[in-house]
There are 2 protein chains.
Amino acid sequence: MSVLSLPPLDLDTGGPPEDDSPLRSVSTAVAVLDCFADEAELGATRVAARLGIAKSTACRMLAALATGGLLERTGSGRYRLGLRLFEYGQLAVDRLMLRDVALPAMGDLRELLRETVQLGVLVGTDVLYVERTEAAGMNVRFRSEHRRNPAHSSSTGRVLAAADPALVTAILERGLRRYTPFTVVDPLRYRQILAQTREQGYATSREEFEPGWSSLAAPITLTRGGRPHPVAALSVVGVTSRVLGPRKPAVVQGLRRAAARVSADLERARS
Amino acid sequence: MSVLSLPPLDLDTGGPPEDDSPLRSVSTAVAVLDCFADEAELGATRVAARLGIAKSTACRMLAALATGGLLERTGSGRYRLGLRLFEYGQLAVDRLMLRDVALPAMGDLRELLRETVQLGVLVGTDVLYVERTEAAGMNVRFRSEHRRNPAHSSSTGRVLAAADPALVTAILERGLRRYTPFTVVDPLRYRQILAQTREQGYATSREEFEPGWSSLAAPITLTRGGRPHPVAALSVVGVTSRVLGPRKPAVVQGLRRAAARVSADLERARS
DNA sequence: CCCCCGCGTTCCGGAAAGCGGAACGCCTGT
DNA sequence: ACAGGCGTTCCGCTTTCCGGAACGCGGGGG
């Protein structure tokens with residue numbers, strides 16, 4: 001089912017050892033970390049092979065990262081991502097002062113619509129979801145393969161791109177990859193959709209990333225320099241007939257109200 | 001109220017530039033990251049001052065970490081923790097195959113007791129909570145200052161230390177710091193409590209970390225080498241009278257059942 | 001309005017640090 | 001028992017990185 005939705009794969013991992021920057025050791029250390037995005041456990045030999053560096057170098061990198069707490073040793077001498085990364089990651093999100101502000105509105109919206117509600121921000125040309133409240137009764141916290149989306153095929157990405165011409169350029173340069181038969185891959189059509197998004201104040205994505213699933217998104221804005229500027233987006237995702245069918249007006253209304261509420265609360269929180 | 005509960009502060013940050021390891025640049029890069037545990041935004045000058053390194057060095061470190069995505073540039077030329085850290089952190093927790101397995105049981109337990117339920121693991125001599133379901137109706141996701149606890153004063157830490165003599169040694173070496181008038185700081189009494197924890201199969205902490213709040217914890221075990229070995233713990237935290245008063249037997253029973261269920265599910269998941 | 005201070009960044013030479021190749025134990029699977 | 005693979009260590013050469021000083025800029029005070 002979700003075999004189609006392979007994660008977009010990080011840029012330039014697995015290729016040559018990396019180059020374009022000072023501090024070569026730090027760059028390779030980051031590249032080593034990146035190796036663990038794909039595999040849960042790695043040893044020095046695997047890492048050395050993937051990055052094209054000497055085994056001894058890989059071993060030192062792993063050891064250094066482990067003493068720093070970014071990696072942990074598993075019993076068998078291999079390594080995995082360390083829990084200190086979890087702490088740092090939580091701090092990174094906390095400091096956006098976004099999740100805490102948005103959670104109440106997200107909970108209410110989920111209750112109102114009985115659908116999954118997501119809070120997404122932009123990272124590069126991808127959308128990263130920093131919080132999600134699941135629709136169904138039970139908590140199935142979102143798994144890694146659904147934590148990041150290409151911006152062009154998600155409603156969240158569109159609502160953010162609609163107000164950012166530079167981002168649109170970057171997205172088009174990267175190319176509109178097709179994920180389903182419905183994915184919009186024509187640049188002209190994509191720009192039309194963005195224009196429509198600007199007019200409406202919300203965006204939709206009809207089964208453009210995963211068959212059967214659609215989403216709507218509304219921007220969370222922050223007033224910068226007099227004009228409201230989107231910094232994140234709230235989105236509702238669900239089975240197409242449930243979110244884009246007869247209930248669509250209700251979904252849109254609830255979504256826009258929730259996004260407006262979060263925007264106001266965020267404005268207040270950033271005193 | 002929570003002024004007492006200062007986070008335990010990471011080891012060896014803010015001192016000399018770090019030393020005991022090969023790969024000096026990587027070590028200092030990690031030290032640079034650590035600087036951001038305390039402050040949300042930092043520039044080259046501040047970092048250089050904190051670590052006792054040259055300003056130029058700090059600048060290169062920041063730039064390298066930023067190109068790696070571990071840091072992000074804020075508008076004014078300063079830096080903050082990057083969202084890639086959030087991704088790595090989520091991956092690190094996902095790969096424990098713990099949170100997903102535990103969430104259903106945690107939700108049920110919260111419904112049953114109407115109290116906050118936590119899932120904690122050990123990192124060094126601290127307890128790190130990787131998931132928490134809040135008691136009250138609404139989601140106030142746990143803030144950074146309550147995401148990490150010293151192991152000696154928390155029920156979770158005791159349930160984990162009860163089965164790990166080496167950990168007890170480490171905890172005692174570090175010292176039993178006092179947080180409230182009720183914190184157990186006598187090593188002998190601490191060992192007695194651990195013995196009692198071993199007998200009972202669960203641990204308690206009566207206002208030993210924050211006045212008014214107490215907790216109970218039960219171990220999540222994994223059979224390794226024939227014997228069950230605790231790898232995490234479920235805990236219930238609430239106002240003392242509500243969790244250690246007349247309801248205590250019910251809390252203990254629910255907690256133990258939930259922990260047993262998670263242990264069984266975890267055993268099954270690690271096929 | 002201009003100046004000055006402080007910041008982040010860049011440049012450069014000396015020198016220490018890290019890279020790679022090969023050798024060493026250890027565990028596993030046969 | 002043996003052999004293959006792993007993570008780790010050692011060592012010399014060379015590369016890369018550190019620190020100090022200079023640069024450009026932006027903001028706040030005179």
Side-chain angles (χ1 to χ4, degrees), chain A residues 15-36 38-82 224-225, chain B residues 15-36 38-82 224-226 270:
Chain A
E18 199 116 346
D19 40 272
D20 56 333
S21 101
L23 268 350
R24 173 178 280 260
S25 350
V26 176
S27 300
T28 59
V30 173
V32 168
L33 264 190
D34 267 333
C35 291
F36 289 86
D38 302 298
E39 293 181 76
E41 274 190 35
L42 285 172
T45 305
R46 289 288 284 269
V47 170
R50 280 190 61 160
L51 298 176
I53 58 181
K55 204 167 52 166
S56 58
T57 304
C59 187
R60 266 169 295 170
M61 289 287 171
L62 291 168
L65 290 171
T67 63
L70 304 190
L71 294 180
E72 290 172 351
R73 307 198 52 143
T74 79
S76 54
R78 286 205 289 277
Y79 296 84
R80 67 178 167 212
L81 293 176
R224 275 211 292 249
Chain B
E18 199 115 345
D19 39 272
D20 56 334
S21 103
L23 268 350
R24 173 179 283 257
S25 349
V26 176
S27 300
T28 60
V30 173
V32 168
L33 263 190
D34 266 333
C35 290
F36 289 86
D38 302 300
E39 292 182 75
E41 274 190 34
L42 284 172
T45 305
R46 289 287 285 271
V47 171
R50 278 190 62 161
L51 298 176
I53 59 180
K55 202 168 51 165
S56 59
T57 304
C59 188
R60 268 169 294 171
M61 289 288 171
L62 291 168
L65 290 170
T67 64
L70 303 189
L71 293 179
E72 288 172 354
R73 306 197 55 140
T74 80
S76 53
R78 287 205 289 276
Y79 296 83
R80 68 177 165 211
L81 292 176
R224 275 210 293 251
R270 303 221 175 158

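Convention: sequence-line order gives letters A, B, ...; per-chain numbering from 1.
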Worked check of side-chain contact (heavy atoms from CB on, under 4.5 Å) between B/Cys59 and B/Lys55: CA-CA 6 Å; B/Cys59 188; B/Lys55 202 168 51 165; 6.0 Å; no

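- The residue B/Ser56 sits close to a base: some heavy atom pair falls under 4.0 Å.
- A/Thr74 is linked by a side-chain contact (heavy atoms from CB on, under 4.5 Å) to A/Glu41, A/Ser76, A/Arg78, A/Arg80, counting only residues two or more places apart in sequence or in another chain.
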From CA spacing to verdict: side-chain contact (heavy atoms from CB on, under 4.5 Å), B/Leu65, B/Val32: CA-CA 9 Å; B/Leu65 290 170; B/Val32 168; 3.8 Å; yes

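- Rounded to whole Å, atom C1' of D/dG27 lies 13 Å from atom CZ of B/Arg78.
- A 4.5 Å side-chain heavy-atom check between A/Leu51 and A/Met61 finds every atom pair outside the cut-off.
- Here CG of A/Leu23 is found 7.0 Å from OG1 of B/Thr28. Values are rounded to the nearest 0.5 Å.
- Residues A/Tyr79 and A/Phe36 come closest through the heavy atom pair O-CE2, 3.1 Å.
- Separating the CG atom of A/Leu62 from the C1' atom of D/dC6 is a distance of 13 Å, rounded to the nearest angstrom.
- Axis deviation across the helix from C/dC1-D/dG30 to C/dT30-D/dA1 amounts to 50°, comparing end segments of five pairs, rounded to 10 degrees.
- Nearest-nucleotide positions on DNA chain C for A/Ser25 and A/Lys55 put A/Ser25 closer to the 5' end.
- Taking the side chain as every heavy atom from C-beta outward, A/Leu33 and B/Leu70 approach each other to under 4.5 Å.
- Residue B/Arg46 is classed as having no contact, given no heavy-atom separation below 4.0 Å to the nucleic acid.
- Here the range on DNA chain C touched by chain B, meaning any atom under 4.0 Å from one of its heavy atoms, is C/dC7 to C/dC19.
- A/Leu23 comes within 4.0 angstrom of the backbone, heavy atoms only, and of no base.
- Heavy-atom minimum distance, A/Ala29 versus B/Val26: CB-CG2, 4.0 Å.
- The 5' end of DNA chain D is approached more closely, in terms of each residue's nearest nucleotide, by A/Leu42 than by the other of B/Ala54 and A/Leu42.
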